[in-house]
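Below, read A as the first sequence line, B as the second, and so on, with proteins coming before strands; counting in each chain starts at 1.
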Protein chains: 2
Amino acid sequence: MAVYTDVGDEALAAFLGDYALGELVAFRGIAEGVENSNFSLRTSSGDFILTLYEKRVDPAELPWFLGLMRHLAARGVTCPQPIAGRDGEALRELAGRPAAITSFLPGVWPRRVRPEHCRPLGEALARLHLAGADYEAERPNALGPQSWRPLLDKSRATGDRLQPGLIAELDAALDRILPNWPENLPRGQIHADLFPDNVFFLRSSGGRDLSGLIDFYFACTDLLAYDLAVCLNAWCFEPDLAFNVTKARLMLGGYETLRKLGRDERDALPVLCQGAAIRFLLTRLFDWVHTPEGALVTRKDPLDYLRRLRFFLAAEGPGALGL
Amino acid sequence: MAVYTDVGDEALAAFLGDYALGELVAFRGIAEGVENSNFSLRTSSGDFILTLYEKRVDPAELPWFLGLMRHLAARGVTCPQPIAGRDGEALRELAGRPAAITSFLPGVWPRRVRPEHCRPLGEALARLHLAGADYEAERPNALGPQSWRPLLDKSRATGDRLQPGLIAELDAALDRILPNWPENLPRGQIHADLFPDNVFFLRSSGGRDLSGLIDFYFACTDLLAYDLAVCLNAWCFEPDLAFNVTKARLMLGGYETLRKLGRDERDALPVLCQGAAIRFLLTRLFDWVHTPEGALVTRKDPLDYLRRLRFFLAAEGPGALGL
């Protein structure tokens, strides 16, 4: 749920005047997207999304994100397309925020992941990795392994209130993960946050068609297999937090129809999964510790990711993941 | 900002199976509407709004609201139309909540009210009152004058924390308003919450066209002129809380092109405006007192309505309102 910045009438009218999109027909805030303010925008020429970038996004990085989305779409990855104004610029300012209009993607994100979603997800992820190969500008992963100990330090004082012994357990996990972190795997542009609410599907007669990927504002240049590790965390656990190996196999199988994993990448999957689990655990823990008690916003439970972390720490090699 | 209840895939698919609306194309939460969960829903047959009714709405009253919307639309008032399922029923259940699909209205609500909005608003309000005349079922106004003292009592213990002396000032205001409350003015179906975010406009070549009214879930059977008093509160104050008599005259003028006010209604406008101001003040105060400190939801400032209340208490007769 998120509209942090609202947009005045005159400001919106002036903003739209810079585009050749026709007359404004409808404009409503969207209750999705945690980081930015999103609006569905209809004009006489179609449907669009208007995004105002809020403080968690560095304005200096926006050209990289928008450029990646444009690059990927030109190579067949369905993702929001930045719409340029009359002057050719897609990145503008509105209500004191950097702002962009992107194309509207049809589809619905899966509230409950089913096995049928996982093969198309794997295929789409591989397509993204291949399409990104010749996008040359790099963006370091600000939430990569170098960030995890400093992030833990910011929750150190009060994190154990969530669960006694939590901070010590996370220190021990980092002691094990960080020295094992692989350095020489294939790298490229990754999404890095491909959770179910960022993947749209349409129901077709044959099953479920993936209709697009959204929210590229954590995308960065990092190990390609780490993106798979994020998806194994985000898509392959049941509500009771049991790992569903069928979903994992379908996802990997879909991925490998387009891009074969190297042996080194397969071997690294357990530690990459441990790393992805602790990355989401640490940002959730940070939000938990720094959101006031009683606040009515939904704080995602960091302990969901502790269960995943423990599972992946116990897995000895990709075989233990069933892969 | 509000999506209180999310909807699972299978539940949504099963729900849509009860309608003849074709295939699901898109489904997104809307960050507007304070009381219920709203989703924009696109199917192969068009655009709709799906509403899940949350706890502040009494399910037993939903047939009255939906019936009123149907009745008004049949008489030319543009408002959301309940869409019936294959069995003819518009009111169903989804995710454990009463739920209904209504038609999508184009338009944008005015973030900043301009004089051009006010005449069409007055006309639309009169049209609503005339069209409601033969909707015979009554719904008492649960937030009418009988409710104000009990509502104040619920904030009595801590309300002065917002502003010292507030509770005594509100007691004195009620002592003055309640004995003067008019009883014998024309009655009928009123919207009772026609704030700018419930009125959509489209920009046309000639100016601004009112494209529809939404959110009828405070509608009730009460004094018609009270609806005007709500709108005078909600539309005719500038950001610095100065009363804009030009806007008020345009609104009244628009209203009277379709329905002439009686002399008794005009004379009662000041006390009706006082009552409307204290009604919104009291519900905002209640929310203020009962929302935890530090919560990240927006609490509307009750004191905005204290300023309005004082203005209307100082107005001697409709002349002092410039009317």
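Within residues 104-115 of chain B, the residues having any heavy atom less than 4.5 Å from a heavy atom of chain A are, in residue-number order, B:F104, B:L105, B:P106, B:G107, B:V108, B:W109, B:P110, B:R111, B:R112, B:R114.
Among residues two or more places apart in sequence or in another chain, the salt bridge (charged side-chain N to carboxylate O under 4.0 Å, His left out) test is passed with A:R97 by A:E54. Listed by chain and number, the residues in a side chain to side chain donor-acceptor pair (under 3.5 Å) with A:Y217 are A:Y53 (sequence neighbours excluded). Applying the salt bridge (charged side-chain N to carboxylate O under 4.0 Å, His left out) criterion to B:R92, with sequence neighbours excluded, gives B:D18, B:D87.
Within 6.0 Å of the CZ atom in A:R156, the count of heavy atoms belonging to other residues, nucleotides or ligands exceeds 12.
Heavy-atom distances place no part of B:A11 under 4.5 Å from chain A, backbone and side chain included.
At a threshold of 4.5 Å between non-hydrogen side-chain atoms, the residues A:D47 and B:R42 count as touching.
Taken from NE2 in B:H117 to CG in A:D9, the straight-line distance is 5.5 Å, to the nearest 0.5 Å.
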